[in-house]
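What follows is a single structure, written as structure tokens, with notes after it.
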Amino acid sequence: MKPECDFESIKDFYGIILRVRAEESNLKSEWTETHLFVALEDTIIGPPRAINVTSAANSIIISFLPPFEKRSNFSSFVYTIYWENSKNVSLTMNTVYRLKDLKERTTYCFRIQASLNDLKGEKSGIYCAKTTITEGTRILHCILIFGFVFSILTSLFLLLITIRKYPDKIKSFWQPPPTIPSHYEEDLNDSQMITIEEFQSAAGEDPWDIISITSKAEDDKILTSFASEHS
């Protein structure tokens, strides 16, 4: 009564041709024949079902179901796992497979194909998973972080001790020695300016308690009159 029929008694290696027609009361259609069909050669195998992926430290665990529940007279399925590229192929007869010795923190993509005798099934969609790090790598990262923090704290502690012990040297290092302004240096290099010895001798004869200079012009006048009086 339905437009389908299941011939369970057909042997896998038989070559069969089926005919079908429709009937309603006394009305009958013409017969329609199928092409020659041999189950072991013409069966279409779909991709594996219920694919599940679990990533571990440096491995990926893949579990899945067969494309269909095989009959007892079929041979076992063989599964091909294509991962990374076409050169990395894994064969297994189990529906749980583990890809081992993978790179840490790396994403791997793969497809699965089921085969039955000489029949190759359709490939599954692309599944991807990213590996994690191993326990040894996690411990190494913790040691490196601890060592880095410890070295920073030790350096800061030694720097504080050095600053407290040698403040003058550090201050002199960061503050350059004072220099004479350029306009004063030009006046001192003038040959008409009196020498330091003349100032010292004049200071011994007639010392001043307070000396002030209001301007450059007045300074030149004072120095000129001072030099003429002592010439």
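These values consider heavy atoms only, across backbone and side chains, with no hydrogens, waters or symmetry-generated copies.
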Are the side chain of [X] and the backbone N or O of [Y] linked by a donor-acceptor pair below 3.5 Å?
{"X": "Y108", "Y": "K103", "value": "yes"}
{"X": "T34", "Y": "L18", "value": "yes"}
{"X": "T92", "Y": "N94", "value": "yes"}
{"X": "R49", "Y": "P67", "value": "yes"}
{"X": "T131", "Y": "T106", "value": "yes"}

Yes or no on side chain to side chain contact (heavy atoms under 4.5 Å, CB included) for V96 and I61, after CA distance, side-chain angles and deciding distance? CA-CA 7 Å; V96 178; I61 300 175; 4.2 Å; yes
How would you list, by chain and number, every residue that makes a side chain to side chain donor-acceptor pair (under 3.5 Å) with R21, sequence neighbours excluded?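 Only E23 meet the side chain to side chain donor-acceptor pair (under 3.5 Å) criterion with R21.
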Of all residues at least two apart in sequence or in a different chain, which pass the side chain to side chain donor-acceptor pair (under 3.5 Å) check with S55?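 With neighbours one apart ignored, the set is empty.
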Taking all heavy atoms of [X] and all of [Y], pick out the closest pair and write down the distance.
{"X": "V38", "Y": "G15", "result": "CG2-CA, 3.6 Å"}
{"X": "S76", "Y": "L116", "result": "O-CD1, 3.8 Å"}
{"X": "A50", "Y": "L65", "result": "CB-CD1, 3.9 Å"}
{"X": "S124", "Y": "I51", "result": "CB-CD1, 3.6 Å"}
{"X": "E104", "Y": "N58", "result": "CG-CB, 4.4 Å"}

Within a strict 4.5 Å, meaning less than it, do heavy atoms of the W83 and L99 side chains meet?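 Yes; the side chains approach each other to less than 4.5 Å.
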Determine, stepwise, if the pair F64 / I112 fulfils side chain to side chain contact (heavy atoms under 4.5 Å, CB included). CA-CA 9 Å; F64 47 87; I112 307 175; 3.7 Å; yes
Between [atom1] on residue [X] and [atom2] on residue [Y], distance to nearest 0.5 Å:
{"X": "I44", "Y": "E122", "atom1": "CD1", "atom2": "CD", "value": "7.0 Å"}
{"X": "S90", "Y": "I62", "atom1": "OG", "atom2": "CD1", "value": "8.0 Å"}
{"X": "L119", "Y": "T43", "atom1": "CG", "atom2": "OG1", "value": "6.0 Å"}
{"X": "K130", "Y": "L102", "atom1": "NZ", "atom2": "CG", "value": "14.0 Å"}

Side chains of residues 144-158: which donor-acceptor partners sit under 3.5 Å, not counting sequence neighbours?
{"from": "S151", "atom 1": "OG", "to": "G147", "atom 2": "O", "distance (Å)": "3.2"}
{"from": "S151", "atom 1": "OG", "to": "F148", "atom 2": "O", "distance (Å)": "2.7"}
{"from": "T154", "atom 1": "OG1", "to": "F150", "atom 2": "O", "distance (Å)": "2.8"}
{"from": "S155", "atom 1": "OG", "to": "S151", "atom 2": "O", "distance (Å)": "2.8"}

With no hydrogens and no angle check, just 3.5 Å: does a side-chain donor-acceptor pair link Q113 and Y79?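 No, because no side-chain N or O of Q113 sits under 3.5 Å from a partner of the opposite role on Y79.
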Is it true that the side chains of S59 and R98 contain a donor and an acceptor less than 3.5 Å apart?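 The criterion, which ignores hydrogens and geometry beyond distance, is satisfied for R98 and S59.
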Taking the six-membered ring for Trp and the full ring for Phe, Tyr or His, determine whether the centres of F68 and F77 are under 6.0 Å apart.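 Yes, ring centres under 6.0 Å apart.
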Using a cut-off of 6.0 Å, state whether more than 12 heavy atoms not belonging to L160 lie near its atom CG.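 More than 12 heavy atoms, drawn from other residues, nucleotides or ligands, come within 6.0 Å of this atom.
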Going by the angle between their ring planes, with limits at 30° and 60°, are F110 and Y127 parallel, tilted or perpendicular?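 Parallel: the ring planes of F110 and Y127 meet at under 30°.
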